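Here the structure is laid out as structure tokens; the discussion comes afterwards.
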Amino acid sequence: MSRHTFIPTIALIGGIGSGKSAVANKVKSFRPVIIIDADRIGHEVLDFAEIQEKIREQFGSAVFNDQGNVDRSELARLVFGESKLQQTSLKQLESIVHPVIHRRLEQEIESARSLNQVDAILVDAAVIVEAGWKELCDQIVYIDCPFEQRQKRVTQNRGWSETELTKREKHQLPLSEKRKLADGVIQNDQDLESAGLELSKFIDSIRIQKNTN
């Protein structure tokens, strides 16, 4: 066996509002894991001067608020939708922010791998497959949750209507495709404790398999 214990990097994917963050945090409550939130990184890069400059060049000053920060809701209005202009705008925005998010993800994963006493690195990244970043991770786990529950969550947490949820998901791979790409599936339609335990078992199975090879 190698002197170094294998620390798996596991991407968590699923529908919007499937509870990926909640399941990851439940696992963290009973074992040492590092959670890397790609949404957080995505929000952070919007504050980078070079990113703001490119966004201003591409979309104009209307997507900035009075404080000079990117107005994310206004930007979302421009890029999420079915019109050709919105679809083109989304591609333009992704070409600006995705390379920087990818670089930050790489850095945070590398940093997490250098830590001692860590069982796994959980990467909560909704579009990790669509963005072509899955090579950053060893395994992919799909968090499964019915539409009705996901709708309830995003209404409570984000104030989204069913129309908004459906509109946003159209810009991601179909859930059936995401599920096929996953190495494991966790059901998150009952209690969070059960989902957390299932993901914890998956981590154990990967570590045992790798560290005994």
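The figures here come from the full heavy-atom set of this structure, side chains too, leaving out hydrogens, waters and symmetry mates. Residue indices begin at 1 and follow the sequence shown. This is a predicted model, so every value here is computed, not measured.
Residues L12 and V23 form no side-chain contact, since every pair of their non-hydrogen atoms from C-beta on lies 4.5 Å or further apart. L122 has its side chain within reach of L199: a pair of non-hydrogen atoms, C-beta onward, lies under 4.5 Å apart.
Here CD1 of I13 is found 11.5 Å from CG of D124. Values are rounded to the nearest 0.5 Å. In this structure, NZ on K134 lies 10.5 Å from CD1 on I128, to the nearest 0.5 angstrom. Here the CG-CD distance, from L85 to Q92, works out to 8.0 Å after rounding to the nearest 0.5 Å. Here the straight-line distance linking atom NZ of K170 with atom CD of Q87 works out to 10.0 Å at 0.5 Å rounding. Distance check: T9 OG1 to R113 CZ gives 3.5 Å after rounding to the nearest 0.5 Å. Annotation: the span from S194 atom OG to I186 atom CD1 amounts to 11.0 Å, rounded to 0.5 Å.
Under the 4.5 Å side-chain heavy-atom criterion for ILVMFWY residues, a single connected hydrophobic cluster contains both L90 and I96. Under the 4.5 Å side-chain heavy-atom criterion for ILVMFWY residues, a single connected hydrophobic cluster contains both L75 and I41. Taking hydrophobic clusters as Ile, Leu, Val, Met, Phe, Trp and Tyr residues chained together by side-chain heavy-atom distances below 4.5 Å, F30 does not share a cluster with V141. Cluster annotation: V63 is connected to I51 through the hydrophobic network of ILVMFWY side chains, with a link wherever side-chain heavy atoms come within less than 4.5 Å. Hydrophobic clustering (side-chain heavy atoms under 4.5 Å, transitive across Ile, Leu, Val, Met, Phe, Trp, Tyr) groups I101 together with V129.
Using cut-offs of 30° and 60° on the angle between ring planes, the pair W133 and H102 is tilted.
Here the side chain of S111 pairs no donor or acceptor atom with the backbone of E108 at under 3.5 angstrom. Using a distance-only test at 3.5 Å, with no hydrogens or angles considered, a donor-acceptor pair links the side chain of H171 to the main chain of G81. Checked by atom type and distance alone, the side chain of D183 pairs as donor or acceptor with a backbone atom of I140 at under 3.5 Å.
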Working note: D144 + R179, criterion side-chain contact (heavy atoms from CB on, under 4.5 Å); need CA distance, chi angles, decisive distance, verdict.
CA-CA 8 Å; D144 197 13; R179 189 177 178 125; 2.6 Å; yes
Could you walk me through whether R150 and E169 satisfy the side-chain contact (heavy atoms from CB on, under 4.5 Å) test, starting with their C-alpha distance in whole Å, then the side-chain angles of each, then the deciding distance to 0.1 Å, before giving a yes or no?
CA-CA 12 Å; R150 297 193 296 107; E169 284 204 325; 2.6 Å; yes
Check against side-chain contact (heavy atoms from CB on, under 4.5 Å), N69 and F64:
CA-CA 5 Å; N69 300 316; F64 288 83; 5.9 Å; no
Decide yes or no on side-chain contact (heavy atoms from CB on, under 4.5 Å) for L173 and L181, but give the supporting numbers first.
CA-CA 11 Å; L173 271 180; L181 291 167; 3.9 Å; yes
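Applying the salt bridge (charged side-chain N to carboxylate O under 4.0 Å, His left out) definition to pairs two or more places apart or across chains, those involving residues 66-75 are E74-R77.
Nearest heavy-atom pair, V123 versus C137, reported as atom, atom and distance to 0.1 Å: CG2-SG, 4.0 Å. Heavy atoms only, all atoms of each residue included: P8 and R207 are closest at CD-CG, 3.7 Å. In plain terms, the two heavy atoms of Q172 and G14 that are nearest each other are OE1-O, 4.3 Å. S200 and R31 get closest at one heavy-atom pair: OG-NH1, 2.7 Å. Nearest heavy-atom pair, L165 versus W160, reported as atom, atom and distance to 0.1 Å: CA-CE3, 4.1 Å. Between A112 and I34, the shortest heavy-atom contact is CB-CG2, 3.9 Å.
Evaluation of the ring pair (Phe, Tyr, Trp, His ring centres under 6.0 Å) rule for H43 yields no partner, not counting sequence neighbours.
Counting heavy atoms of neighbouring residues, nucleotides and ligands inside a 6.0 Å radius, atom CD of E50 exceeds 12 of them. Counting non-hydrogen atoms of other residues, nucleotides and ligands closer than 6.0 Å to CD of Q117 gives a total of 12 or fewer.
A salt bridge is absent between E198 and K26: the closest approach of a Lys/Arg side-chain nitrogen to an acidic carboxylate oxygen does not fall below 4.0 angstrom. A salt bridge links E44 with R104: at least one charged nitrogen is closer than 4.0 Å to a carboxylate oxygen. Electrostatic pairing of E177 and K180 counts as a salt bridge here, judged by a charged N lying under 4.0 Å from a carboxylate O. Under the 4.0 Å criterion applied to side-chain N and carboxylate O atoms, E53 and R56 are not assigned as salt-bridge partners. The existence of a salt bridge linking R168 and E164 is confirmed by a sub-4.0 Å separation between a basic side-chain nitrogen and an acidic carboxylate oxygen.
Looking at V27, I203, V33 one by one, the single match for side-chain contact (heavy atoms from CB on, under 4.5 Å) with I10 turns out to be I203. With V100 as reference, V45 is the one residue of L46, L105, V45 to meet the side-chain contact (heavy atoms from CB on, under 4.5 Å) rule.
Side-chain atoms of Q151 and T155 include a donor-acceptor pair closer than 3.5 Å.
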